[in-house]
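Data block below; observations after.
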Amino acid sequence: MHLSKLFIPLLKETPSEAKVKSHQLMLRTGMIRQSSTGIYSWLPLGFKIMKKIEKIVREEQNKIGAQELLMPTIQSAQIWKESGRYDDYGEEMLRIKDRQGKEMLYGPTNEELITEIFRSSIKSYKALPQILYHIQWKFRDELRPRFGVMRCKEFFMKDAYSFDINNEEAKKSYNKMFFAYLHTFKRLGLTAIPMSAETGPIGGDLSHEFIILAETGESKIYSDKRIFDIDIGNYNSNDDSINKLRKKYDAFYAVTDDKFNQQDFENKVKKENQLATRGIEVGHIFYFGDKYSKPLKCSIDLQDGKKVDVKMGSYGIGVSRLVGAIIEAKLNNNVMKWPNSVAPFEVVIIPSLQKKDKSNYKKAEKIYNFLIKNNIDVLLDDTEEHLSAKFKKFDLIGIPYQIILGSKSTDDKFEFKEVNSKTESLSLEEIKKKLLNNRNLN
Ligand code: 5CA
């Protein structure tokens with residue numbers, strides 16, 4: 001892609017309504033555009049990054065055997081009346097009537113709808129366990145939408161739902177998802193810590209929020225620092241290994257504000273290991289047994305002929321929120337570097353093109369064509385801005401590697417820079433090798 005052709009409405013100034021750095025950067029680099037309070041359009045740059053995040057989320061769900069489907073955004077109020085949540089959900093729920101006067105709503109979450117699908121499809125224990133998920137827009141009429149995509153009204157969420165015959169089996173599904181989440185966030189270049197949390201309107205008595213540290217985060221957290229040293233690479237995906245991994249995490253004190261108890265904190269965590277700070281919730285998993293299956297009459301036949309309400313859990317990841325969360329984690333001194341796994345382009349060519357210096361332009365095109373031929377997603381800055389202005393721009397756009405064509409490049413060696421590192425002088429083959437080798441690093 002050539003920058004002159006890219007739809008990327010950059011802003012010179014930081015809009016005053018943006019209070020946190022992720023929101024500021026997303027507006028400055030034309031990733032999103034507000035359409036009304038708490039509702040955003042995703043422009044090409046932001047959309048491309050979000051789609052890359054979505055792909056990683058999907059791959060890790062598929063790896064644990066979860067199956068993707070797609071439920072609609074608009075749901076019938078009827079099933080919410082059956083579960084009893086229609087009234088409980090309050091003003092956060094956007095309620096709509098169709099032309100026949102039928103009560104509908106824009107789904108804030110999908111426990112009811114998936115239970116309804118399950119109860120009308122599965123009758124026997126033989127079909128269990130099942131984990132189903134979709135990645136779909138949600139709407140919550142938040143009282144105070146803020147921080148851009150972090151807390152907005154319309155957001156993109158991965159929500160998964162597990163169905164098991166008893167608590168023991170259900171715990172295995174919960175643990176699988178726990179494992180998938182740790183791997184998902186790691187691939188996104190984040191260290192997300194599972195913390196014991198309250199269940200709120202979703203319900204149940206077992207739940208973990210996955211939190212990344214950030215001063216601007218909305219969640220207050222209290223933990224034992226050593227929890228950050230757990231290496232998930234030491235565990236594999238069989239049930240025993242995952243169980244050990246969960247125990248390892250659960251052994252350290254790590255809770256959100258609503259579960260915090262000062263006395264417990266003091267007793268369980270040595271002074272030097274105490275960490276009290278803020279974080280962003282990027283995922284949340286719940287186990288709630290038969291909270292929905294009972295009122296919605298979602299039961300299955302067991303081997304001995306008895307009927308039992310299925311045991312369920314639900315598992316959310318804030319896909320659109322993650323775009324902002326990664327910026328909060330990776331933007332340093334006004335320099336952004338996207339993790340390779342989700343970067344909007346793998347590399348950018350930045351030639352000095354002032355005074356229509358044709359030789360640099362030809363060189364840039366040659367490199368561009370070479371990289372494209374090797375299936376490397378490259379951006380070429382073909383504008384005639386001054387080099388220093390180009391560098392400022394790419395500090396914000398955050399493409400992790402740059403090829404700079406200034407006074408120092410020769411015909412076969414080019415200035416190659418990994419953002420936040422020193423410049424090297426490399427041949428095209430060396431550049432290609434480096435980019436391909438680093439593709440899966442973050
Ligand atoms: N049904 C459950 C799990 S599928 C559920 O809805 N959980 S949740 O309410 O915790 O939301 C899941 C994730 O969506 C959160 O961890 C958060 O990352 C994201 N999220 C929730 N509300 C918003 C919001 N208003 N704006 C952006 N992201 C949000």
Side-chain angles (χ1 to χ4, degrees), residues 20 22-23 26 32 34 37-40 42 50 53-54 57 61 66 68-69 71 73 75 80 83 85 88-89 91-94 106-115 131-163 173-174 177-178 180-181 184-185 188 190 192-195 197-204 206-212 214 217-219 221 256 258 279-288 291-292 312-329:
V20 295
S22 55
H23 191 195
M26 290 180 81
I32 50 168
Q34 182 169 313
T37 307
I39 302 181
Y40 293 89
W42 288 78
M50 185 166 73
I53 296 173
E54 180 191 358
V57 169
Q61 291 293 294
E68 187 170 11
L69 44 68
M71 291 175 269
T73 52
Q75 304 179 19
W80 286 73
S83 76
R85 275 210 296 184
D88 293 353
Y89 225 93
E91 288 189 299
E92 246 187 47
M93 185 187 272
L94 182 64
Y106 193 130
T109 177
N110 283 56
E111 280 79 6
E112 284 76 0
L113 188 49
I114 196 80
T115 309
I131 305 179
L132 302 170
Y133 76 98
H134 74 161
I135 306 177
Q136 176 64 292
W137 294 96
K138 304 288 182 298
F139 194 95
R140 293 181 188 173
D141 200 351
E142 296 274 352
L143 183 60
R144 269 182 226 94
R146 56 188 186 145
F147 304 157
V149 302
M150 294 286 201
R151 179 159 301 280
C152 46
K153 295 190 181 194
E154 193 182 39
F155 59 97
F156 203 39
M157 192 211 280
K158 183 286 298 179
D159 39 326
Y161 303 87
S162 63
F163 301 86
S173 298
Y174 186 91
M177 204 53 86
F178 188 94
Y181 274 37
T184 304
F185 297 126
L188 297 174
L190 300 172
I193 300 295
M195 304 208 168
E198 285 296 345
T199 54
I202 307 294
L206 171 63
S207 144
H208 286 90
E209 283 184 13
F210 286 75
I211 305 255
I212 64 157
E218 288 187 298
S219 314
I221 55 147
T256 55
D258 39 20
I280 301 168
E281 178 201 319
V282 285
H284 200 161
I285 61 179
F286 303 82
Y287 178 60
F288 41 71
K291 175 173 174 185
Y292 299 91
M312 292 174 58
S314 75
Y315 314 87
I317 289 184
V319 176
S320 51
R321 175 181 287 186
L322 268 166
V323 181
I326 294 174
I327 298 172
E328 291 295 329

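Read the numbers this way: they start at 1 and go in the same order the structure lists the ligands and their atoms.
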### Task
In plain terms, say whether E218 and R151 are close enough for a salt bridge, that is, a side-chain N and a carboxylate O under 4.0 Å apart.
yes

### Query
Looking at residues at least two apart in the chain, or sitting in another chain, which of them share a side chain to side chain contact (heavy atoms under 4.5 Å, CB included) with L69?
M71, I114, L132, H134

### Task
Kindly state whether the ring of W80 and the ring of Y89 have centres lying under 6.0 angstrom apart.
yes

### Task
Run through ligand 1 for me and note each protein residue having a heavy atom under 4.0 Å from it, chain first, then residue number.
T109, E111, R140, E142, V149, M150, R151, C152, F155, M157, D159, I202, E281, V282, G283, H284, F286, S314, Y315, G316, G318, R321

### Message
For the backbone of P201 and the side chain of R85, can you confirm whether one donor and one acceptor N or O come within less than 3.5 Å of each other?
### Response
yes

### Query
What pairs with Y181 under ring pair (Phe, Tyr, Trp, His ring centres under 6.0 Å), at least two apart in sequence or on another chain?
F185, F210

#### Entry: Set of side chain to side chain contact (heavy atoms under 4.5 Å, CB included) partners for D88, sequence neighbours left out
none

